[in-house]
**Student:** 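Here it is: the structure, laid out below.
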Amino acid sequence: MGEMEELRKEADNLKDQITEARKVVQDTTLQEAVAGTTLVGRVQLKTRKTLRGHLAKIYAMHWGTDTNCSKLCVSASQDGKLIVWDTLTTNKVNAIPLKSSWVMTCAYAPSGNMVACGGLDNMCSIYNLKGKDGNVKVMRELAAHTGYLSCCRFLNDSEIITSSGDCTCILWDIETGTEKTIFAGHLGDCMSLAVSPDFKMFISGACDFTAKLWDIREATCRQTFSGHESDINAIGFFPNGNAVITGSDDATCKLYDLRADQELITYQDSGIMCGVTSLAASLSGRLLLAGYDDFNVNIWDMLKAERVGVLAGHDNRVSCIGVSSDGMACCTGSWDSFLKIWN
Amino acid sequence: MEDLDLPQMKREVESLQYQLAINRVSSITVTELVKWIEGCVCDDPFLNPELMRANPWVEKGKCVIL
């Protein structure tokens, strides 16, 4: 009992020191830096396409990034299917039946060669889209997590990172199907993860109300960001990789500066009382698009922290959102079983 | 924190020591962030209507009689 008490005191002491160190470098606030900046004009995006085909709630979507698939996206629904869509024509390029219908996440490999998904089966299944005979088959089933798979993101065709309800994230070797690194430290279910633009770091958001920045190769947690008052459901990197955006059940989104190790600003409105489910930044980072439990997407001016637009059109919770790699379109997925393309 | 066992607590303390030691840059980084955003706004299709003129998701032209 004595050793535990001492360790607890040391942990609290270290947390206080980190808070102090953050105060020391705080020379200016975002509000001060944008005092002279004009608010962005009202942003009105229209639904250009509705992707119909899923028969149940959509839980996740992810845009392709490679030039060959930058207009393609993959979606996962609890109807037990992964669908790869051509968003321009609304055609289904692939409709992949899943072994487990309780899917919670999906990802498109940067190369466009594979997609991955997982959920209550605690596994991450990798599918090869470019098989020799044209059929899409399971390539690997990555099993080691002891909790649900909440999110997965490819680093390349041979490595993928997963986050889980077992409070850990894992870096996998897809070839061998084994764990390369286990990232432990969160004290609650890991709900979401995002990889930095340079692929050297990733961030995770969890039900312990914190976000953690991890160095992939060093296998360490470099920074922990607190401030949220409830589970963090959504997380993303700011386009230049120097900041992190989080979305939480506490109805707010926050922006954290990685280099100064501080919270910069909170995106909140007294009229918004429901949780944030998903988020994505526009190409320049000036706009933050966040999906909420009240079926809407709010568009925020990231610098002035004011709402400048709304995407209304879904008949149920917006569960996922993504901006295409060229910044030209936004895709939303909903529990109403539809995906919509907006710009 | 109450739910951690001894080895987990030790790892938490180690992690905090590591996190304390990282290099923190003065938040002049905020001004850099603002400059970066302002520099990219003209390339952002959601903010620059010029870039949306050729919008691949909008049907062009009139109906064709097959």
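Chain naming here is simple, since letters A, B, ... match the order of the sequence lines and numbering starts at 1 in each.
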**Student:** For A:Gln17 and B:Leu20, which heavy atoms make the closest approach, and how far apart are they?
**Tutor:** OE1-CD2, 3.3 Å
**Student:** Where does A:Leu255 contact chain B at under 4.5 Å (heavy atoms): side chain, backbone, both or neither?
**Tutor:** side chain
**Student:** Is the backbone N or O of B:Ser26 less than 3.5 Å from a side-chain atom of A:Asp27, with the two atoms forming a donor-acceptor pair by type?
**Tutor:** no
**Student:** Under a 4.5 Å heavy-atom cut-off, does chain A meet the side chain of B:Ile37, its backbone, both or neither?
**Tutor:** both
**Student:** For the residue pair B:Pro45 and A:Asp326, what are the closest heavy atoms and their distance?
**Tutor:** CG-O, 3.7 Å
**Student:** When you compare the side chain of B:Glu38 with that of A:Thr37, does any pair of heavy atoms fall below 4.5 Å?
**Tutor:** yes
**Student:** Among the options B:Val41, B:Leu51, B:Asn23, B:Ile28, pick out the one with the most heavy-atom pairs lying under 4.5 Å from chain A.
**Tutor:** B:Val41
**Student:** Measure B:Leu47 against the heavy atoms of chain A and call it side chain, backbone, both or neither at under 4.5 Å.
**Tutor:** side chain
**Student:** Taking side chain as C-beta onward, heavy atoms only, is A:Ile18 less than 4.5 Å from B:Arg24?
**Tutor:** yes
**Student:** Look up atom SG in A:Cys221 and atom CD in B:Glu12, then write down how far apart they are to the nearest 0.5 Å.
**Tutor:** 8.5 Å
**Student:** With respect to chain A, which residue among B:Val34, B:Thr31, B:Val13, B:Asp43 yields the maximal number of heavy-atom pairs within a distance under 4.5 Å?
**Tutor:** B:Val13
**Student:** Is the shortest side-chain heavy-atom distance between A:Asn343 and B:Asn55 below 4.5 Å?
**Tutor:** yes
**Student:** On a heavy-atom basis, which atom in A:Leu88 and which in B:Pro56 lie closest, and how many Å separate them?
**Tutor:** CD2-O, 3.5 Å
**Student:** At a 4.5 Å cut-off on heavy atoms, which part of B:Trp57 comes close to chain A: side chain, backbone, both, or neither?
**Tutor:** both
**Student:** For A:Gln31, which atoms come within 4.5 Å of any heavy atom of chain B: side chain, backbone, both, or neither?
**Tutor:** neither
**Student:** Between B:Tyr18 and A:Glu218, is there a side-chain heavy-atom distance shorter than 4.5 Å?
**Tutor:** yes
**Student:** Would you say A:Arg259 and B:Glu32 make side-chain contact, with heavy atoms under 4.5 Å?
**Tutor:** yes
**Student:** Which region of A:Lys212, side chain (C-beta onward) or backbone (N, CA, C, O), has a non-hydrogen atom less than 4.5 Å from a non-hydrogen atom of chain B, or is it both or neither?
**Tutor:** side chain
**Student:** May I ask you to decide whether A:Glu3 forms a salt bridge with B:Lys10, counting only side-chain N to carboxylate O separations under 4.0 Å?
**Tutor:** yes
**Student:** Which atoms of A:Asp257 are under 4.5 Å from chain B, going by heavy atoms: the side chain, the backbone, both sets, or neither?
**Tutor:** side chain
**Student:** With rounding to the nearest 0.5 Å, note down the distance linking OG in A:Ser284 to CZ in B:Phe46.
**Tutor:** 10.0 Å
**Student:** Distance from B:Asp44 atom CG to A:Leu283 atom CG, nearest 0.5 Å?
**Tutor:** 5.5 Å
**Student:** Relative to chain B, which segment of A:Ala21 carries a heavy atom at a distance below 4.5 Å: side chain, backbone, both, or neither?
**Tutor:** both
**Student:** If you take all heavy atoms of B:Val30 and A:Leu30, which pair is closest and at what distance?
**Tutor:** CG1-CA, 3.7 Å
**Student:** May I ask you to decide if A:Thr224's main-chain N or O and B:Gln19's side chain share a donor-acceptor pair within less than 3.5 Å?
**Tutor:** yes
**Student:** Top residue by heavy-atom pair count (under 4.5 Å) with chain B, among A:Arg286, A:Arg222, A:Gln26?
**Tutor:** A:Arg222
**Student:** How close do A:Ala11 and B:Met9 get, heavy atom to heavy atom, and via which atoms?
**Tutor:** CB-CE, 3.9 Å
**Student:** Under a 4.5 Å heavy-atom cut-off, does chain B meet the side chain of A:Thr89, its backbone, both or neither?
**Tutor:** neither
**Student:** CG of A:Leu7 to CG of B:Leu4: how many Å apart, nearest 0.5 Å?
**Tutor:** 10.0 Å
**Student:** Below 4.5 Å from any heavy atom of chain A, which atoms of B:Leu33 appear? Answer side chain, backbone, both or neither.
**Tutor:** side chain
**Student:** Sort B:Val58 into side chain, backbone, both or neither according to what part of it lies under 4.5 angstrom from a heavy atom of chain A.
**Tutor:** side chain
